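Structure, as structure tokens:
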Amino acid sequence: MSSEGGAIGGPSHPEGPLTLAVPRGALFTETLDLLDAAGVDTAPARGDSRSLIFHTDEMILVTMRPSDVPTYVEAGAADVGITGKDVLLEQSDRVVYELLDLGYGKCRMVLAGRRGDERLGESQRRLGMMRIATKYPRIAERYFEDTGRQIELIEVKGSVELAPLIGLGDGIVDLVATGRTLAENDLEVREEIVDCTARLVANRVAHKLRAAEVDDLTARLRVASGR
Amino acid sequence: MIHPIPPGTRDVLPDEMRELRRLNRRLIEVFEDAGYGEVATPAIEYDEVLSRGDRPSSASPYRFFDENGNLLALRSDMTVPIARLVATRFADAPLPLRLCYLASAYRAVLPQRGEMREFVQAGIELIGEPGPSGTAEVIGVLEAALDAAGLDRAVIGLGDADLYRGLLTEFGVEGEQRDAVLDRLATHDLVGLETTLEAAGIGATAAETCVALSQLRGGSEVLDRARELGGEAVERTATRLQETYETLVARGTADRVQIDFGLLRDLGYYSGAIFEVYDPAVGHVLGGGGRYDDFLAGFGLDLPAAGFSLYLERVHVAQMEEESRRRERAAADV
């Protein structure tokens with residue numbers, strides 16, 4: 001601390017190791033691989049332990065649903081976190097600092113409709129709006145607003161591909177990685193909305209008060225991800 | 001029977017009120033001891049008066065009509081009402097003028113995240129004292145207030161509100177592209193920042209300068225690192241920050257200050273020095289302030305000014321966190 005060392009202006013430092021929110025699910029393995037490549041030992045998190053918190057030499061890994069990462073990071077319960085851009089876009093009102101595009105977890109947010117089916121266009125022409133089923137209501141709303149079209153939003157929680165197949169909505173806005181799920185359900189991409197990859201985010205206060213640690217982790221992840 | 005109150009508002013019960021009152025008293029004591037006299041202004045004002053100076057970002061979200069059809073508004077901070085008060089009541093008073101307040105203000109934030117629509121601010125305004133000496137006085141009072149609240153680990157980030165406006169002018173970025181870049185800087189979206197800078201076509205070196213600047217924060221060494229990036233705007237900001245910082249060092253109040261080239265405050269009226277308060281125990285910003293040298297012109301006064309405000313409830317949360325941390329450490333030491 002500055003008063004002891006005599007250095008000018010070194011502000012006080014938070015205690016304890018840095019806490020990193022790690023997304024479970026599709027991004028989990030690649031996130032651990034990247035952390036390994038950046039020199040963070042993730043072995044404890046790799047077993048089939050039911051624990052949610054893992055201690056490495058230098059930081060604490062907290063595992064959670066990707067969509068919870070912004071919540072924990074915004075509140076400062078985690079100093080930094082990794083999650084998909086789709087999550088950040090959907091929760092754009094959360095105040096977190098987006099520091100780095102990690103490159104993996106690549107997928108696209110798309111508008112999809114039934115193959116060869118003209119319902120999307122027909123609804124827009126004859127009813128003045130399209131009925132869109134999605135798990136990403138804010139992204140969908142913003143996209144259609146930005147492109148000057150009206151929609152009726154249908155928010156669903158589970159497999160959104162189901163909706164247009166049985167008449168709930170004219171199309172869907174959803175995240176597509178390989179496109180296989182769409183194809184198997186006889187759906188096709190009509191419009192590309194945005195590309196999404198995994199991102200490194202930081203709590204606003206941690207970014208200021210743990211500057212050296214956050215910058216160091218960012219630099220190592222930047223190298224490890226080949227950005 | 002349960003009778004609801006609007007979201008983002010709350011009742012305060014005796015246990016909490018006792019602690020808040022104690023905190024209030026300490027803060028006002030610090031302000032009074034530093035020569036700042038407490039004032040109160042009405043919670044509702046004429047919208048036309050509050051919105052003077054053309055700053056849409058700080059306009060009140062709560063407006064309504066009185067019985068004569070006048071448009072009234074709830075204040076969204078105390079800086080604007082105090083500007084109005086100074087212009088009206090103290091136009092010919094000897095300078096500098098030192099005022100403090102403890103008051104509720106209203107903003108249309110999303111509740112449920114530690115942010116309330118009605119909240120209490122405690123702060124000061126120093127009017128008529130320009131440049132580094134004025135800024136350093138305000139930061140000195142802020143430090144004393146944090147000490148009085150028992151937040152000995154709290155840090156004050158010190159930045160400059162004019163930096164990026166100047167820098168982007170230098171790079172020839174204007175109009176919508178300039179707004180887009182400023183927006184990414186304000187939300188600290190570095191990935192988006194790189195994309196918008198690329199779209200603005202300013203070249204790799206300039207873009208790197210902008211991104212690197214936004215990440216520069218720390219002790220006085222960051223002033224040199226900023227200067228290495230070059231350019232007039234950076235030089236101007238570095239010089240100004242250095243002057244303020246040296247004034248703080250001379251006053252012996254620089255220990256808590258972190259220089260931050262990435263700092264941006266969302267209120268439009270700041271110019272020159274800006275600051276924000278953090279405590280390691282809480283994830284939210286506890287308060288902030290800065291210079292608003294051009295702002296009083298909107299009220300017919302050509303006077304330099306600076307001030308800060310602390311969110312009382314958040315300071316209280318930080319107090320509680322710091323107390324329990326001290327307790328845990330004391331228990332561990334036994």
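All of these numbers come straight from a predicted model, not from anything done at the bench. Chain letters run A, B, ... following the sequence lines, proteins first, then strands; residues in each count from 1.
By the 6.0 Å contact criterion, CD on B:Glu198 is open, its count of non-hydrogen atoms from other residues, nucleotides or ligands being 12 or less.
Only the backbone of A:Val96 comes within less than 4.5 Å of a heavy atom of chain B; no side-chain atom from C-beta onward does. Heavy atoms of B:Val211 lying under 4.5 Å from chain A are absent altogether. Within the 4.5 angstrom heavy-atom criterion, only side-chain atoms of B:Arg325, from C-beta onward, approach chain A. Heavy atoms closer than 4.5 Å to chain A are found in both the backbone and the side chain of B:Gln215. Heavy atoms closer than 4.5 Å to chain B are found nowhere in A:Ala206, neither backbone nor side chain. For B:Asp260, the part lying under 4.5 angstrom from a heavy atom of chain A is the side chain only.
Ion pairing between B:Arg217 and A:Asp215 holds under the 4.0 Å rule for side-chain N and carboxylate O. Using a 4.0 Å cut-off between a side-chain N of Lys or Arg and a carboxylate O of Asp or Glu, A:Arg204 and B:Glu276 qualify as a salt bridge.
Residue B:Ala136 comes nearest to B:Thr247 through the heavy atom pair CB-CG2, 3.7 Å, listed as atom of the first residue, atom of the second, then distance.
In this structure a side-chain-to-backbone donor-acceptor pair under 3.5 Å is present from B:Arg107 to B:Ser76.
At a threshold of 4.5 Å between non-hydrogen side-chain atoms, the residues B:Val257 and B:Glu143 count as touching. Within the 4.5 Å cutoff, the side chain of A:Arg149 has heavy atoms near those of the A:Met130 side chain. At a threshold of 4.5 Å between non-hydrogen side-chain atoms, the residues A:Tyr72 and A:Val62 do not count as touching.
Contacts of residues 97-109 of chain A with chain B at a heavy-atom distance below 4.5 Å involve A:Tyr97, A:Glu98, A:Leu99, A:Leu100, A:Asp101, listed in sequence order.
Applying the ring pair (Phe, Tyr, Trp, His ring centres under 6.0 Å) rule to pairs touching residues 208-227 of chain A yields nothing, sequence neighbours excluded.
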